[in-house]
J.: 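Here it is: the structure, laid out below.
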Amino acid sequence: MCCRTPLYQTLRDKGNVDEIENKGPFLCKKRGAWLGNGYYFWENNVDNAHWWGKNFKEGYIICRSYYIYDNKNFFDFMNPNHIEIFRVYVLELEKKYNYRKLTVSFVLEFLKKQKNFAKYKAIRCYPSKQDSENIMYFNENKNIKAFLDLRPPVQICVFDKSFLCQNIYEIIYPETYSRGYVG
């Protein structure tokens with residue numbers, strides 16, 4: 001039996017519960033979306049979805065979906081080989097564009113158009129989030145910024161919905177919106 005990994009999508013609460021459960025997940029095409037266009041999720045940890053909602057949404061809803069972990073399906077920034085591939089493209093694009101204009105999303109959108117990138121359905125990333133209360137420093141010297149995040153903010157940007165377990169997308173927060181809620 002395969003292990004399903006939970007994914008959490010944080011959305012602005014517009015009171016459109018039926019639309020969310022019937023049409024979700026929702027695509028992000030905002031300029032500045034850091035992993036490019038896609039369906040953004042927090043992997044495995046609902047606390048990160050709450051953190052995002054509290055810091056970046058006025059009122060928010062959290063929905064849960066799942067995927068089957070298969071590292072062949074995603075470009076993974078936690079894989080040293082993938083980081084090296086990305087770095088090589090950055091160096092190539094630096095020659096054509098001003099480095100200061102390059103962003104992670106710009107390079108990823110370029111990569112998505114490459115033939116050898118077509119095998120991927122998602123991008124997995126671990127963006128730094130030092131304002132977390134879940135960090136533990138490696139030693140007592142707090143001037144050294146290295147730390148272990150006990151709840152790492154792993155984010156997945158899905159651009160092929162077949163990556164997700166089909167027909168599973170449900171509101172889990174606020175509880176009053178959840179199916180089967182008894183107040």
Side-chain angles (χ1 to χ4, degrees), residues 1-30 32-79 82 104-105 108 120-138 145-183:
M1 177 164 164
C2 293
C3 178
R4 296 185 319 170
T5 302
L7 296 171
Y8 301 97
Q9 186 173 49
T10 308
L11 305 169
R12 180 170 282 118
D13 186 351
K14 299 178 183 176
N16 56 340
V17 175
D18 291 336
E19 178 185 5
I20 288 172
E21 288 199 330
N22 292 326
K23 295 184 179 178
F26 292 89
L27 182 67
C28 176
K29 287 184 167 183
K30 290 183 180 176
W34 52 30
L35 300 175
N37 295 335
Y39 303 88
Y40 279 77
F41 293 92
W42 295 102
E43 182 187 61
N44 207 35
N45 190 329
V46 74
D47 290 345
N48 289 315
H50 282 290
W51 170 83
W52 185 258
K54 290 172 187 170
N55 287 286
F56 298 99
K57 308 282 182 194
E58 284 112 41
Y60 65 96
I61 291 174
I62 296 174
C63 297
R64 180 176 51 213
S65 189
Y66 296 90
Y67 81 103
I68 306 299
Y69 184 93
D70 181 351
N71 61 2
K72 290 177 278 190
N73 284 331
F74 53 83
F75 188 81
D76 191 355
F77 277 106
M78 296 187 301
N79 176 330
H82 289 185
V104 172
S105 62
L108 285 172
Y120 300 118
K121 298 176 181 182
I123 298 165
R124 187 169 180 245
C125 184
Y126 180 174
S128 178
K129 186 181 90 171
Q130 284 189 315
D131 67 339
S132 172
E133 64 272 0
N134 295 304
I135 63 173
M136 178 180 282
Y137 290 94
F138 286 102
K145 300 298 180 194
F147 62 89
L148 175 66
D149 195 328
L150 301 175
R151 298 221 181 235
V154 177
Q155 195 163 48
I156 294 191
C157 176
V158 175
F159 39 89
D160 178 341
K161 288 198 319 187
S162 69
F163 179 80
L164 302 170
C165 293
Q166 299 302 312
N167 302 318
I168 302 174
Y169 189 80
E170 59 188 347
I171 296 174
I172 61 162
Y173 178 86
E175 286 182 24
T176 55
Y177 291 170
S178 299
R179 289 187 185 153
Y181 172 76
V182 179

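Keep in mind that the numbers below use all heavy atoms, side chains included, and drop hydrogens, waters and symmetry copies. Remember, it's a predicted structure, so these values are computed and weren't measured experimentally. Residue numbers count from 1 along this sequence.
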J.: Output every pair passing salt bridge (Lys or Arg N to Asp or Glu O under 4.0 Å) with a member in residues 13-28, not counting sequence neighbours, ordered by first then second residue.
T.: Glu21-Arg179

J.: Between His82 and Tyr120, is there a side-chain heavy-atom distance shorter than 4.5 Å?
T.: yes

J.: May I ask you to test the Cys63-Ile172 pair for a side-chain heavy-atom distance under 4.5 Å?
T.: no

J.: When rounded to the nearest 0.5 angstrom, what distance separates CD1 in Ile123 from CG in Leu108?
T.: 4.0 Å

J.: Please work out which of the three classes, parallel, tilted or perpendicular, describes the rings of Tyr67 and Tyr69, given edges at 30° and 60°.
T.: tilted

J.: Just by distance, do the side chain of Tyr8 and the backbone of His50 share a donor-acceptor pair under 3.5 Å?
T.: no

J.: If you look at every heavy atom in Cys157 and Gly38, which pair is closest and at what distance?
T.: SG-CA, 3.6 Å

J.: Phe159: which residues meet the ring-ring contact (aromatic ring centres under 6.0 Å, His included) condition with it, sequence neighbours left out?
T.: none

J.: How about Leu7 and Leu164: do any of their side-chain heavy atoms sit closer than 4.5 Å?
T.: yes

J.: Please report the interatomic distance NZ(Lys121) to NZ(Lys161), rounded to the nearest 0.5 Å.
T.: 13.5 Å

J.: Ignoring hydrogens and geometry, is there a side-chain-to-backbone donor-acceptor pair from Thr10 to Ala49 under 3.5 Å?
T.: yes

J.: Considering all heavy atoms of both residues, which atom of Cys165 and which atom of Ser65 are nearest to each other, and what is their separation?
T.: O-OG, 4.3 Å

J.: Which pair of non-hydrogen atoms, one from Trp51 and one from Asn55, has the smallest distance, and what is that distance?
T.: O-ND2, 2.8 Å

J.: Calculate, to the nearest 0.5 Å, the distance between atoms CD and SG belonging to Glu43 and Cys125 respectively.
T.: 11.5 Å

J.: Hey, could you give me the CG/CG distance between Asn16 and Leu11, rounded to the nearest 0.5 Å?
T.: 8.0 Å

J.: Report the residues that fulfil ring-ring contact (aromatic ring centres under 6.0 Å, His included) with Tyr169, sequence neighbours left out, ordered by chain and then residue number.
T.: none

J.: Among Trp34, Trp52, Tyr126, find the one that has a side chain to side chain donor-acceptor pair (under 3.5 Å) with Gln155.
T.: Trp34

J.: Stepwise, does the side-chain contact (heavy atoms from CB on, under 4.5 Å) test hold for Tyr173 with Arg64?
T.: CA-CA 9 Å; Tyr173 178 86; Arg64 180 176 51 213; over 6 Å; no

J.: Measuring from atom CG of Asn37 to atom SG of Cys28, what distance do you get when rounded to the nearest 0.5 angstrom?
T.: 7.5 Å

J.: Is there a side-chain contact between Ile156 and Phe163 in this structure, where contact means two heavy atoms from C-beta onward sitting under 4.5 Å apart?
T.: yes

J.: Give, for atom CZ of Phe26 and atom CD of Gln9, the distance between the pair rounded to the nearest 0.5 Å.
T.: 7.5 Å

J.: Using the ring centroid of each side chain, check whether Phe41 and Tyr66 are separated by less than 6.0 Å.
T.: no

